[in-house]
A.B. asks: 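Take this structure first; my questions come after.
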Protein chains: 2
Amino acid sequence: MIRTLNSYIQTITPLSDNSWKLLQSCITERSYKKAELLLKEGQVCQSIFFIEEGACKSFHNLDGKEINTAFHFENDFVTNIQSLTSQQPASSSIKALEKTTVDILNKNKLLAAYSASHEIESFGRKVLELLLTRQTLHTESFKLLAPKQRFDHLVATQPDLLQRVSLTQVASYLGISRESLSRFRSAR
Amino acid sequence: MIRTLNSYIQTITPLSDNSWKLLQSCITERSYKKAELLLKEGQVCQSIFFIEEGACKSFHNLDGKEINTAFHFENDFVTNIQSLTSQQPASSSIKALEKTTVDILNKNKLLAAYSASHEIESFGRKVLELLLTRQTLHTESFKLLAPKQRFDHLVATQPDLLQRVSLTQVASYLGISRESLSRFRSAR
DNA sequence: CGATAACTGCGTCAAAAATCACAAAATCAG
DNA sequence: CTGATTTTGTGATTTTTGACGCAGTTATCG
């Protein structure tokens with residue numbers, strides 16, 4: 001438990017024993033059943049989730065339809081960055097796509113850990129750099145690629161995603177209708 | 001000189017005199033003429049720019065056309081986060097839209113300053129949180145809004161941007177053709 | 001200041017994708 | 001195992017947006 005997080009951290013930046021213990025004290029472990037919500041629209045986000053095992057999605061509710069803004073798998077950090085940092089109600093939700101085990105980092109405890117440990121704050125900065133890079137690339141795919149090309153690009157760069165997430169779910173993530181996505185797929 | 005940056009920092013997190021001096025030692029000030037490049041596609045990004053005065057854009061070159069991915073004004077930090085962190089050649093460029101004065105933070109010096117000063121690293125983390133929030137919202141506008149709505153949303157939330165940037169430039173930023181944008185505009 | 005370039009608007013036409021409708025297939029829950 | 005629900009595939013049609021062309025206006029730069 002928390003083992004996955006520990007090895008993930010090693011790939012970013014090593015932490016001293018003290019810092020690792022401090023970080024652990026910010027964490028609660030929890031499992032969610034399939035379709036359970038980690039964060040519900042309207043709530044203020046108080047946590048950062050690290051996925052030990054399983055998969056989640058972030059989504060907006062638009063006229064009763066779920067528009068997916070991101071998918072998250074093992075070794076991903078997940079949160080609603082806007083709600084977390086502004087402490088305003090979240091405008092989107094996070095839902096488990098399958099049985100999912102996460103490490104929950106409490107926001108206030110984490111902020112205290114940032115202050116107490118330069119190492120931990122440095123880790124936080126590096127994770128944010130990765131998340132910003134990923135988000136930037138995703139935005140660019142919308143500006144540089146036509147819908148069909150976005151799908152091809154996804155197939156080329158994240159083929160595994162299509163194995164774990166249904167086409168219906170992927171469609172809104174790519175900003176494409178379900179039917180068009182189905183046609184793109186059969187045309188390959 | 002660096003005055004704008006100093007007051008901007010106050011709005012994020014105060015720095016001790018020592019940290020502020022250390023941060024200053026990472027900075028070179030420079031002016032760019034209109035249309036001059038701050039970063040050219042293919043180069044490895046070594047800097048973070050803080051705009052003291054003026055305006056810039058980040059853009060990709062697609063079949064000879066400039067696709068704008070972001071606009072930046074006074075008090076904005078600008079960089080190519082992917083190239084900066086991976087030290088791979090940048091796939092996009094940064095260009096001054098008018099005469100622009102920036103503070104250039106050298107990457108290696110800044111990393112050293114992060115290590116030497118917890119305060120500065122904390123500042124860096126907070127800036128990244130803001131940038132990630134902004135980027136996330138921009139991505140969401142592509143998934144949740146139709147082209148026409150994206151334009152309306154921009155008018156509502158950043159009316160000033162349209163005062164400083166031509167419609168032609170805004171079009172690719174919104175992922176819309178110049179002609180469609182012109183039509184949306186006249187239809188309001 | 002004057003020539004050149006860039007920007008904007010609008011019309012037509014074509015292409016792409018969305019929508020609607022329905023059937024088949026796969027998956028899930030009891 | 002089986003009925004119910006979700007997912008997927010496909011056709012017909014409509015809507016939206018893109019592409020091209022051209023004219024008028026505005027900005028820019030030497």
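In this text the structure is predicted, and so the values were computed from the model without any measurement. Reminder, nothing fancy here: chain letters follow the sequence lines and each chain counts from 1. Below, each value reflects all heavy atoms present in this structure, side chains not excepted, and no hydrogens, waters or symmetry copies.
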A.B. asks: When clusters are formed from ILVMFWY side-chain contacts under 4.5 Å, directly or step by step, what else is grouped with A/L37?
C.D. replies: A/F59
A.B. asks: Please work out which of the three classes, parallel, tilted or perpendicular, describes the rings of B/Y8 and B/F123, given edges at 30° and 60°.
C.D. replies: perpendicular
A.B. asks: Within this structure, what is the CG-to-P distance between B/L162 and C/dT8, rounded to whole angstrom?
C.D. replies: 10 Å
A.B. asks: Any ring pair (Phe, Tyr, Trp, His ring centres under 6.0 Å) pairs touching residues 78-122 of chain A, not counting sequence neighbours?
C.D. replies: A/H118-B/H118
A.B. asks: Nucleotide by nucleotide, 5' to 3', does protein get under 4.0 Å of the base (B), only the sugar-phosphate (S), or neither (-) in nucleotides 3-11 of chain D, counting heavy atoms?
C.D. replies: ----SBBBB
A.B. asks: State which residues pass salt bridge (Lys or Arg N to Asp or Glu O under 4.0 Å) with A/E41; sequence neighbours excluded, sorted by chain then number.
C.D. replies: none
A.B. asks: Is there a residue in residues 62-73 of chain B whose heavy atoms reach under 4.0 Å of DNA chain D, and which residues are they?
C.D. replies: none
A.B. asks: Please list, chain by chain and in numerical order, all residues satisfying side-chain hydrogen bond (donor to acceptor under 3.5 Å, both in side chains) with B/E53, sequence neighbours excluded.
C.D. replies: none
A.B. asks: I'd like to check the side-chain hydrogen bond (donor to acceptor under 3.5 Å, both in side chains) partners of A/E119; sequence neighbours left out, ordered by chain and number.
C.D. replies: A/S16, A/S19
A.B. asks: For the helix from C/dC1-D/dG30 to C/dG30-D/dC1, what is the angle between the axes at its two ends, each from 5 pairs, rounded to 10°?
C.D. replies: 70°
A.B. asks: Members other than B/F142 in its cluster, when Ile, Leu, Val, Met, Phe, Trp, Tyr link by side-chain heavy atoms under 4.5 Å?
C.D. replies: A/F142
A.B. asks: Which Ile, Leu, Val, Met, Phe, Trp or Tyr residues join A/V102 in one cluster when any pair of side-chain heavy atoms under 4.5 Å counts as a link?
C.D. replies: A/Y32, A/L38, A/L39, A/F49, A/I51, A/V78, A/I94, A/I104
A.B. asks: Return the set of residues passing side-chain hydrogen bond (donor to acceptor under 3.5 Å, both in side chains) with B/E66 (not counting sequence neighbours), or none when no residue passes.
C.D. replies: B/K57, B/K95
A.B. asks: Going 5' to 3' through nucleotides 24-30 of chain C, assign each nucleotide B (protein heavy atom under 4.0 Å from a base atom), S (under 4.0 Å only from sugar-phosphate atoms) or - (no protein heavy atom that close).
C.D. replies: ----S--
